[in-house]
Amino acid sequence: MRVTAFILALIGGIVAILTAITELGIGGLGLVFHGGGSTFVVHLAFLTGAAGIVGLVGSSLMWVFPKLGAWLCIVAFVAGLVGSSIFWVVAGLFFALGAVFGFIAHHQSRVTAVR
């Protein structure tokens, strides 16, 4: 389960960074054409990028500390949802599934051979 949680959260982090770049491009175009509220969109894009980085850190922690990695993925999910709303659907889904599998990996007991 740790491998599954790691891979799902890693894909979520990559998609989140791509979402932040797309959102930054949209806000940049708004700034170029003097659109109202464009600076707010740019600031939210930086929040989305930070959420993606937190999610990538959470995915890397799934190997050693799956519960901590799962919590970081949940934090990234919520922060990204605030930062980019509907654009966050794909990355948020991967982060949510990665968090679920991280919690499952934390609760699995180790099987030992009977002698």
Side-chain angles (χ1 to χ4, degrees):
M1 287 295 167
R2 291 179 190 219
V3 175
T4 305
F6 169 72
I7 290 173
L8 286 172
L10 182 68
I11 292 171
I14 293 169
V15 171
I17 297 295
L18 293 175
T19 302
I21 291 170
T22 303
E23 190 175 3
L24 191 62
I26 292 170
L29 281 175
L31 285 174
V32 167
F33 294 113
H34 303 290
S38 298
T39 56
F40 187 65
V41 173
V42 171
H43 291 141
L44 288 178
F46 285 118
L47 176 65
T48 304
I53 292 171
V54 168
L56 285 174
V57 169
S59 74
S60 65
L61 287 175
M62 290 288 185
W63 290 102
V64 182
F65 305 110
K67 187 175 181 180
L68 178 63
W71 278 111
L72 284 177
C73 284
I74 289 175
V75 168
F77 173 76
V78 172
L81 194 62
V82 169
S84 64
S85 189
I86 195 70
F87 292 121
W88 193 252
V89 170
V90 177
L93 179 67
F94 280 114
F95 280 139
L97 289 174
V100 167
F101 280 110
F103 283 126
I104 290 172
H106 173 71
H107 289 296
Q108 280 183 339
S109 61
R110 298 193 180 241
V111 177
T112 58
V114 178
R115 294 183 177 182

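Heavy-atom basis, side chains included; hydrogens, waters and symmetry copies ignored.
- Judged as a side-chain contact (heavy atoms from CB on, under 4.5 Å), and not counting sequence neighbours, the contacts of F103 are K67, A70, W71, I74.
- Note on F65: it clusters hydrophobically with V54, by side-chain heavy-atom contacts below 4.5 Å among ILVMFWY residues.
- W88 shares a hydrophobic cluster with F77, V78, L81, F95; the chain of contacts runs through ILVMFWY side chains whose heavy atoms sit under 4.5 Å apart.
- In this structure, I104 CD1 and T4 OG1 are separated by 9.5 Å, a value rounded to the nearest 0.5 Å.
- The two residues A45 and A20 have their closest heavy-atom pair at O-CB, 3.7 Å.
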Residues 5-12, side-chain donor-acceptor partners within the protein, below 3.5 Å, at least two apart:
none

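- Members clustered with V82: F40, L44, L47, by chain and number, using a 4.5 Å side-chain heavy-atom cutoff among hydrophobic residues.
- Here L24 contributes atom CG and H43 contributes atom NE2; the two are 10.5 Å apart, rounded to the nearest 0.5 Å.
- Across F101 and M1, no two heavy atoms sit closer than the pair CD2-SD, 3.3 Å.
- Minimum heavy-atom separation, P66 to A105: CB-CB, 4.2 Å.
- Within the 4.5 Å cutoff, no side-chain heavy atoms of T48 are placed close to those of F87.
- I14 CD1 to L56 CG: the interatomic distance, rounded to the nearest 0.5 Å, is 7.0 Å.
- The hydrophobic cluster containing I21 does not contain L31, counting ILVMFWY residues as joined when their side-chain heavy atoms lie under 4.5 angstrom apart, directly or transitively.
- Within the 4.5 Å cutoff, the side chain of C73 has heavy atoms near those of the M62 side chain.
- A single hydrophobic cluster is seen to contain both I17 and V90, as judged by linkage of ILVMFWY side chains at heavy-atom distances under 4.5 Å, directly or through other members.
- Partners of L29 under the side-chain contact (heavy atoms from CB on, under 4.5 Å) rule, at least two apart in sequence or in another chain, are F33.
- Side-chain N or O atoms of H106 include none that pairs as donor or acceptor with a backbone N or O of G102 at under 3.5 Å.
- Under the rule for a side-chain contact (heavy atoms from CB on, under 4.5 Å), the partners of V89 that lie at least two apart in sequence or sit in another chain are I86.
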